[in-house]
*Asks:* 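Below is one structure. I have some questions about it.
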Number of protein chains: 2
Amino acid sequence: MTADDVRPVPASSVTSWDHEADVVIAGYGVAGAAAAVEAAHADADVLVLERTGSWGGAASMAGGFIYLGGGTPIQKACGFEDSVDNMAAFLNAAMGPGADDRRIADYCEGSVAHFDWLVECGVPFKAEFFGEPGWEPMGDQGLMYSGGENSYPFNTIATPAPRGHVPQMSDKKQGEASAGYMLMKPLVETATAAGARALYDVRVQRLVVEADGRVTGMCARQYGTDVTIRARRGVVLATGSFAYNDAMVAQYAPRIAGRPAASIEQHDGQAIRMAQALGADLAHMDATEVAIFIDPQQLVRGVLVNERGQRFVAEDTYPGRVGQLTLYHQNNTAYLIIDGDAQEEAMASLSPQLMMRPPTWVCETVAELEAEIGLAPGSLQTTIAAYNDGAARGEDPLLHKKPQWLRPVGSPVGAIDLRESTGGFTLGGLQTSLDGEVLHVDGEPIPGLFAAGRSTAGLAAWGYASGISLGDGSFYGRRAGRAAAKG
Amino acid sequence: MTADDVRPVPASSVTSWDHEADVVIAGYGVAGAAAAVEAAHADADVLVLERTGSWGGAASMAGGFIYLGGGTPIQKACGFEDSVDNMAAFLNAAMGPGADDRRIADYCEGSVAHFDWLVECGVPFKAEFFGEPGWEPMGDQGLMYSGGENSYPFNTIATPAPRGHVPQMSDKKQGEASAGYMLMKPLVETATAAGARALYDVRVQRLVVEADGRVTGMCARQYGTDVTIRARRGVVLATGSFAYNDAMVAQYAPRIAGRPAASIEQHDGQAIRMAQALGADLAHMDATEVAIFIDPQQLVRGVLVNERGQRFVAEDTYPGRVGQLTLYHQNNTAYLIIDGDAQEEAMASLSPQLMMRPPTWVCETVAELEAEIGLAPGSLQTTIAAYNDGAARGEDPLLHKKPQWLRPVGSPVGAIDLRESTGGFTLGGLQTSLDGEVLHVDGEPIPGLFAAGRSTAGLAAWGYASGISLGDGSFYGRRAGRAAAKG
């Protein structure tokens, strides 16, 4: 099978341009919108090409977390202390191994100003903290822990501070517009007010390149017709991840194969391949965000074990981290041991019940449960005995789960089968400079070519926290837009 | 920091050629030598460019394992049954996740014929099986388990058959020529006899490309001077892995950063970058071979635990697998619990003592040892109690270590600190067809460009077995040589 042709088109072969702008942006998700605002504010004529019928991308369907800290007004109003260094210490630990400390320092340094910019663009944030376990706030609270900052081991590495900033929805109800939409709408309105134009149903396909290597446009398809778009100053690639490109996932991130999630099918890696065809370098292609499909209200009240009946992560940490560790390090196999009382308590919690799961097995004793699941004789029994022993004292010497969630496992005892219960999106992509320039494998920027968002390798080298993608997408989207406007 | 310029050179700008051949091969390790033999046998005029002062590459310093099966004469003579399907079943399980079953089927199908070809080239094999735990045979035996084929879980997936074929050394002694040398010498002699020429101290730098995209030569440096080499039919890249390119390791395989091993410093990823600059695609860039620096005679007699005091792998499997699981899944942290008798027995074994390690801590009881190491109270005690309980019955219900190695841990009891005790080389690289053609990101072969060996993504997507690199390097080196000779 031959993939679509992604090879560069020599500028000399382009006889006419169907569209033209100073800065041409591919993709109208969060990175594209941020780039459009900044490029337009830098007095560039901006044209955004979006493959679907509307702006939004994966961002507008997301929970809307933007990872920000170092002392934002929301953090302060909610009574949390944070600093640039403290935020960087957390991210260097949580985004690795392999995290780029230079990029992290840069991002943390600019984080408060980035918050201010979002507010200036009209993104609303409510200064209220949500402290319950969950994938996102239950109401319209604007701040939440989103990366395990207050859980072991990160609470021993940096002072815990919540950094998941969530745009406020008016009258949040199940099924209504997402918080991600509340981020995207004001960004697109700001871009439009600044003069940025958009073309929809345009799928970018190839980069147009001068003989000297400078990128000066793109070829695309619109309604079955080829169109050419000239970029007088620069092209910004912002078409998202490669989570839905099966071949690329098999080559680069095989563990996530067959389980894309929190992503959209337009995430086909097209921008990455177009730039690779020009010699662009890549980074962190195996890294993925991973969700585990269970309600955190259950997770914190249960005891999570692997296929050997062993615990491997504090159940009260960021559930995405639980997902990553399960998929990558535990053969995508886990079981949540939860007793009747704990299950009842979780069901009675405020969680939206969407991910609440019934036990797969229920028994009177742990020994019976162990046999039902098919774990090695004695394995689960020793794990639960040790857990109960500590829990009775309010301690978890093995994994340091917080005392508030420790309670001996009683009877009846159930287990939720979490085999093959993960999904996510890819985090790797084009290697870029801190100004959003796409780097060639020789280390030099490719003239005229910029990128941001999940088509680039961003802050997360392996780990993740909710809000990193909208965070680095908007932050470096702005940088790319400004750099492209300079030409 | 800007890397060396690896951008393609337009053929039109090359005014004269310093050297010329039908097939030009970069790198005279195992893949280059195999390519040279086959290209020369196909009546091509062959020139090999080697960066160092002599042929050999990493292969000639290696233990010499070549992973072959499906019923080779050596397997048969040693009394082992194997088949193409059985070999493929093992490799599909052991080389993944993400292993390419099409490539594995192709390799297994051709494996016996490849053995015969090696013998025809003059590579000597002695039909004797080495059955002791170890990284390689103690003597000149020609066959050994080299991937955990007879250990759990693989012994439940495919019928165990040893496939590590080792060239025979005459009068093997410590410090003498390696078995890898005994592989390389006859291959290079065969290539030379068939007319292949070689140039040494030539470092390839850039590919020469026609306007239509065909690769027709290379630019290189020799003794500080630029030289141009014309390839009338094809270029074969065979310069090895990127284990010694720190920037590439940071971008693609950060877990192995700072710990290259079983590799040579010429493995700088140059061929990968030269081809990337032309739009070549990559695969499995995060995969690495990993050794753990301990003698397998100790490993099988001990109980290996992670930083939570838990067992995670049968200690009698392929030690490279133990290394991979430790580095990737256990935070590069493991401790081998071994009692006085077991340590004594290991020391008295036939192992070469090179990797034999003394206990870091020795105590009278497991409880004391647990505290000495700093493991969570009770964690190691419950692990050892469960192990001893099974061992007394000759069973290991948790990990299925073979009964012959099961014995309750007694007193005094020691622990060997295996934190940060891993190293290895990268397994990812250029995406190639089964004929060794380098594939562009659009899925089509790049005309005139071929590659093999560890500059390509081979059989191992994530897992590994000793002999895979010399195996796929020689097997697909031949394919690349033949394909290049056709032009």
Side-chain angles (χ1 to χ4, degrees), chain A residues 1-8 96-100 213 247-248 250-255 257 272-274 276-287 308-312 328-330 376-379 382-383 385-386 389-390 396-399 428 431 440-444 457 461-462, chain B residues 1-8 96-100 213 247-248 250-255 257 272-274 276-287 308-312 328-330 376-379 382-383 385-386 389-390 396-399 428 431 440-444 457 461-462:
Chain A
M1 190 197 70
T2 297
D4 296 335
D5 194 355
V6 292
R7 291 179 195 244
D100 178 349
M248 288 182 73
Q251 283 164 240
Y252 291 108
R255 285 186 196 268
I272 299 174
R273 292 167 61 235
M274 286 162 58
Q276 269 187 283
L278 271 187
D281 209 355
L282 308 173
H284 305 143
M285 293 296 282
D286 62 313
R308 297 183 293 277
Q310 302 161 334
R311 292 178 71 212
F312 58 94
Y328 278 80
H329 294 179
Q330 307 298 339
S379 60
T382 53
T383 295
D389 184 54
D396 177 13
L398 193 68
L399 292 166
Q431 174 91 322
H440 189 272
V441 288
D442 74 0
E444 295 288 341
W462 190 82
Chain B
M1 190 196 72
T2 297
D4 296 334
D5 194 354
V6 292
R7 292 179 195 243
D100 178 350
M248 287 182 74
Q251 284 165 239
Y252 291 108
R255 284 186 197 268
I272 298 174
R273 292 167 61 236
M274 286 161 60
Q276 268 187 284
L278 270 187
D281 209 355
L282 308 174
H284 305 143
M285 293 294 282
D286 61 314
R308 296 183 294 276
Q310 302 161 334
R311 292 179 70 213
F312 59 93
Y328 279 80
H329 295 179
Q330 307 299 339
S379 60
T382 54
T383 295
D389 184 53
D396 176 13
L398 193 68
L399 291 166
Q431 173 92 323
H440 189 271
V441 287
D442 74 0
E444 294 288 343
W462 190 82

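In what follows, chains carry the letters A, B, and so on, assigned in the order in which the sequence lines appear, proteins first and then strands, with residues in each chain numbered from 1. Please read these numbers as outputs of a predicted model, since none were measured by experiment.
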*Asks:* Could I get the full list of side chain to side chain donor-acceptor pair (under 3.5 Å) partners for B/Asp281, not counting sequence neighbours?
*Replies:* A/Gln251, A/Tyr252, A/Gln276
*Asks:* Counting only heavy atoms closer than 4.5 Å, note whether A/Arg255 contacts chain B via side chain, backbone, both or neither.
*Replies:* side chain
*Asks:* With chain A, which of B/Leu282, B/Leu398, B/Thr383 has the greatest number of heavy-atom pairs at distances under 4.5 Å?
*Replies:* B/Leu282
*Asks:* By a 4.5 Å heavy-atom criterion (distance strictly below it), what part of A/Ala250 contacts chain B: side chain, backbone, both, or neither?
*Replies:* backbone
*Asks:* Give the member of A/Ala283, A/Ala385, A/Ala457 that has the highest number of heavy-atom pairs under 4.5 Å with chain B.
*Replies:* A/Ala283
*Asks:* So which heavy atom on B/Pro254 is nearest to which on A/Gly98, and how close?
*Replies:* CB-CA, 3.4 Å
*Asks:* For each of A/Met248, A/Gln330, A/Gln431, A/Met285, tally heavy-atom pairs with chain B at distances under 4.5 Å, and name the one with the top tally.
*Replies:* A/Gln431
*Asks:* Any idea which of B/Met274, B/His284, B/Arg7 has the most non-hydrogen atom pairs under 4.5 angstrom with chain A?
*Replies:* B/Arg7
*Asks:* Does any heavy atom of chain B fall under 4.5 Å from the side chain of A/Ala280, the backbone, both, or neither of them?
*Replies:* backbone
*Asks:* Just to verify, what does A/Tyr328 make a ring-ring contact (aromatic ring centres under 6.0 Å, His included) with, not counting sequence neighbours?
*Replies:* A/Trp462
*Asks:* Once you round to the nearest 0.5 Å, how far does CG of B/Asp442 lie from CZ of A/Arg273?
*Replies:* 7.5 Å
*Asks:* Find the one option among A/Gly279, A/Ala277, A/Gly96, A/Pro8 whose heavy-atom pairs under 4.5 Å with chain B are most numerous.
*Replies:* A/Ala277
*Asks:* Given heavy-atom pairs under 4.5 angstrom as the criterion, report whether the side chain, backbone, both or neither of A/Leu399 touches chain B.
*Replies:* side chain
*Asks:* Can you tell me if B/Gln310 uses its side chain to pair, donor with acceptor, with the backbone of A/Arg311 under 3.5 Å?
*Replies:* yes
*Asks:* Among A/Ala376, A/Pro97, A/Pro397, which residue forms the greatest number of heavy-atom pairs with chain B at distances under 4.5 Å?
*Replies:* A/Pro97
